[in-house]
Amino acid sequence: MAKDKPGIPKGTRDFDPTEIARRELIFSTIRKVYNAHGYMPIETPAMENLSTLLGKYGEEGDRLIFRILNSGDFASKTNSDDWKNKNSASLSAQLSEKALRYDLTVPFARYVVQHQHKITFPFKRYQIQPVWRADRPQKGRYREFFQCDADVIGSHSLVNEAELINIIGEVFSALNIRVVVKVNNRKILAGLAEHIGYGDQLTAITTAIDKLDKIGMDNVEKELIEKGLSNEAVALLRPVLSLEGSDGEKLDKLSHILSDSRTGMKGLEEMREVFDIVSVSPPACKVELDLTLARGLNYYTGAIIEVKAMDVAIGSICGGGRYDDLTGIFGLPDVSGVGISFGADRIYDVMYALDLFGPKIGTFTQLLAINFGPKGRDYCLPLLNRLRERGISCEFYPDQVKLKKQMQYADRNQIPFVLMAGEEEILQGVYTLKNMITGTQSILEADQIADAITKVE
RNA sequence: GUGGCUGUAGCUCAGUAGGUUAGAGCAUCAGAUUGUGGUUCUGAGGGUCGUGGGUUCGAGUCCCAUUAGCCACCCCA
């Protein structure tokens, strides 16, 4: 191996100033919308106790949790039989008791239970922080990425579902991304499972259905039969999943099919109500019922939501749903919550692909003062402070080097103005201000400079 | 965890049938221009060809292994 080649773990990224500015645009847009709807920010630690995370995301999810190796002499504390038997599961529990958070919903549930004494329900919170997943990176798939969550916990009202759908519409129309919001309800899927006689196979059925648009109806049926469902049961599924018509018509047809399932009927009722509330103030984006939407996270119990960009092929850029008993595992039962999560990094990718970032982004300093030596320095620094008070970002070049070099610095950093004050200017008590975009320069008194800059800006 | 593709300068890549000192563009630095950038011109620095082994008189090129990255599956934001 060569000497330490600089590098970062796969699936992680560095961000340069321009990228930060663009990401900040996304974060601030989301934050603004969340604030406008009364959500309050919280933050939780990057790492959680492993036990907090395990078992909340399904077995696939458990595998994707980044575990943190215990410090100290962890090896001697492990059971040697487990080493001999290569019992990774048991060993890992002895080697690791902390892990990087996998999402923001489970830490939030933990937070709610832990801080219930000071929370007023319903509690509306948002949280914008990175999460980590140990899967193989690929396009639009990172191992470290930001989620922007909003949840309402402690309220069963479907007004919350409707509000979240509206929030999705507001965020994406502010960002100029055309999206379609797909909505479904786990209770409908449960009803469907009952309808075909396999109420206990909900997870298997949902994960198979979830792949419908990718692998097609035939393969979904094949997968279900492999999982032990009867041919007749599977055959019942096809007509339901290929229902056509408007959302209302689909719901009507479903209510005949699922009439003998109480859960299914409840799900239909919920869907109707959500659509009704949404229709009172329709969001700017398309919202549609998608019976094939299932979502793998196994804590969802009611509405499930997923958002796809219409103009870029990338995984979902926002997802969410209702979970009735996430806090129950932490000792606070019967608290229902519903939430969504924007995937900031995928949204970035979509906006980048669609060229939606303005050109202006990435400019920081507005004025650079040239360094002509100690005299010029003392002549310029007080002026710069006055400019900053006027809200103008400016800086003084730290080294007394060739003018060319300093000009180049201004040019490459896209600094629109350069201030020059050497012997001549000092003698006359003036400054030379150069506009780097037009190339023109003018000789000004100290108190004319701020105006000259703000006029152009 | 499973499969496919790729690894040459800081970056993007070229490198022809294995053949002498491995090239280009961009970037960096210097000069043309010691108070004027973005354009142009000139020059310079920078490579154990991912790593290890093998075939061969000779390997960046062929073979094997390994490692890293990318893409796809699984799953997901």
Side-chain angles (χ1 to χ4, degrees), chain A residues 1-3 5-13 26 30 57-65 88 102-105 128-149 168 179 203 206-208 210-211 214-215 219 223 293-298 300 304-309 314-321 339-350 368 370-373 376 397 400-426 431-441:
Chain A
M1 267 301 195
K3 276 190 191 157
K5 270 193 181 159
I8 53 177
K10 64 177 164 187
T12 65
R13 294 148 304 152
I26 295 171
I30 293 171
Y57 309 106
E59 63 180 301
E60 184 67 18
D62 282 358
R63 230 187 57 209
L64 299 179
I65 293 171
S88 300
Y102 176 91
D103 72 354
L104 300 177
T105 307
I128 299 178
Q129 289 190 276
V131 302
W132 293 268
R133 294 187 188 174
D135 60 358
R136 290 261 168 102
Q138 50 190 281
K139 187 163 240 129
R141 162 85 53 97
Y142 305 103
R143 294 174 115 181
E144 177 185 62
F145 60 96
F146 267 79
Q147 290 197 323
C148 313
D149 277 40
I168 291 170
V179 296
T203 313
T206 52
T207 53
D210 196 36
K211 296 176 200 162
K214 257 184 188 168
I215 63 176
N219 288 316
E223 181 169 331
L293 174 62
R295 292 184 65 76
L297 290 176
N298 59 10
Y300 289 126
I304 42 185
I305 301 170
E306 197 160 288
V307 182
K308 294 223 157 187
I314 196 165
S316 65
I317 53 178
C318 179
I340 52 168
S341 178
F342 290 91
D345 302 81
R346 284 187 180 172
I347 293 173
Y348 182 100
D349 290 344
V350 168
L368 173 77
I370 299 293
N371 186 337
F372 284 112
Y397 197 90
Q400 187 187 343
V401 295
K402 272 190 240 168
L403 225 205
K404 178 189 171 88
K405 182 126 177 130
Q406 303 192 44
M407 295 297 283
Q408 230 168 46
Y409 176 85
D411 187 54
R412 288 182 192 178
N413 287 303
Q414 296 173 46
I415 299 172
F417 290 97
V418 166
L419 187 75
M420 285 176 283
E423 300 270 339
E424 297 162 37
E425 284 89 350
I426 296 174
Y431 297 84
T432 299
L433 182 71
K434 172 157 183 165
N435 181 323
M436 294 293 279
I437 295 150
T438 61
T440 58
Q441 54 189 56

[N] and [M]: how far apart are their [atom1] atoms, nearest whole angstrom?
N	M	atom1	result
B/U39	B/C26	C1'	16 Å
B/G23	B/U40	C1'	24 Å
B/U48	B/G10	P	8 Å
B/G37	B/U33	P	12 Å
B/C75	B/U16	P	43 Å
B/C71	B/C64	C1'	25 Å
B/G54	B/G18	C1'	15 Å
B/A30	B/G45	P	15 Å

Who are the salt bridge (charged side-chain N to carboxylate O under 4.0 Å, His left out) partners of [X], not counting sequence neighbours?
X	answer
A/D345	A/R13, A/R23
A/D135	A/R141
A/E144	none

Does the B/C75 base have a donor-acceptor partner in the side chain of A/R63 within less than 3.5 Å? no
Taking side chain to side chain contact (heavy atoms under 4.5 Å, CB included) as the definition, give me every residue that meets it alongside [X], ordered by chain and number, with sequence neighbours left out.
X	answer
A/N371	A/F396, A/Y397, A/Q400, A/Q406
A/D62	A/L54, A/I65
A/Q441	A/M420, A/T432, A/K434

Could you tell me how far apart [X] ([atom1]) and [N] ([atom2]) are, to the nearest whole angstrom?
X	N	atom1	atom2	value
A/E306	B/C76	CD	P	9 Å
A/D135	B/C74	CG	P	13 Å
A/E223	B/C73	CD	C1'	12 Å
A/Y102	B/A77	OH	C1'	10 Å
A/L64	B/G1	CG	C1'	10 Å
A/D149	B/A77	CG	P	9 Å
A/Y142	B/C71	OH	P	8 Å
A/K10	B/C70	NZ	P	8 Å

Side chain to side chain donor-acceptor pair (under 3.5 Å) against A/Q147, all qualifying residues, sequence neighbours excluded: none
Side chain to side chain donor-acceptor pair (under 3.5 Å) partners of A/S341, counting only residues at least two apart: A/D149
Is atom CD of A/E423 surrounded by more than 12 heavy atoms (other residues, nucleotides or ligands) closer than 6.0 Å?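 Counting other residues, nucleotides and ligands, CD of A/E423 stays at 12 neighbours or fewer.
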Centroid under 5.5 Å and tilt under 30°, A/F145 to B/A77: yes
Heavy atoms under 4.0 Å is the rule here; annotate nucleotides 35-41 of chain B 5' to 3' with B where the base is hit, S where only the sugar-phosphate is, and - elsewhere. BBBB---
At under 4.0 Å, does any side-chain N or O of A/Q138 touch on OP1 or OP2 of B/A72?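 So the side chain of A/Q138 is within the cut-off, an N or O lying under 4.0 Å from OP1 or OP2 of B/A72.
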Polar-atom pairs under 3.5 Å, protein N or O versus N or O of nucleotides 2-7 of chain B: list them with distances, or write none.
residue : atom : partner : partner atom : Å
B/U2    : O4   : A/R136  : NH1          : 2.5

What pairs with A/Y431 under ring-ring contact (aromatic ring centres under 6.0 Å, His included), at least two apart in sequence or on another chain? A/Y379
Which residue, A/G315 or A/K139, contacts RNA chain B at a nucleotide closer to its 5' end, judged by nearest heavy atom?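 Here A/K139 is the residue nearer the 5' end.
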For RNA chain B, write out the stems as range with range, using runs of 3 or more consecutive Watson-Crick or G-U pairs with both distances under 3.5 Å.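 Expected stems, ordered by start: B:1-7 with B:67-73, B:10-13 with B:23-26, B:28-32 with B:40-44, B:50-54 with B:62-66.
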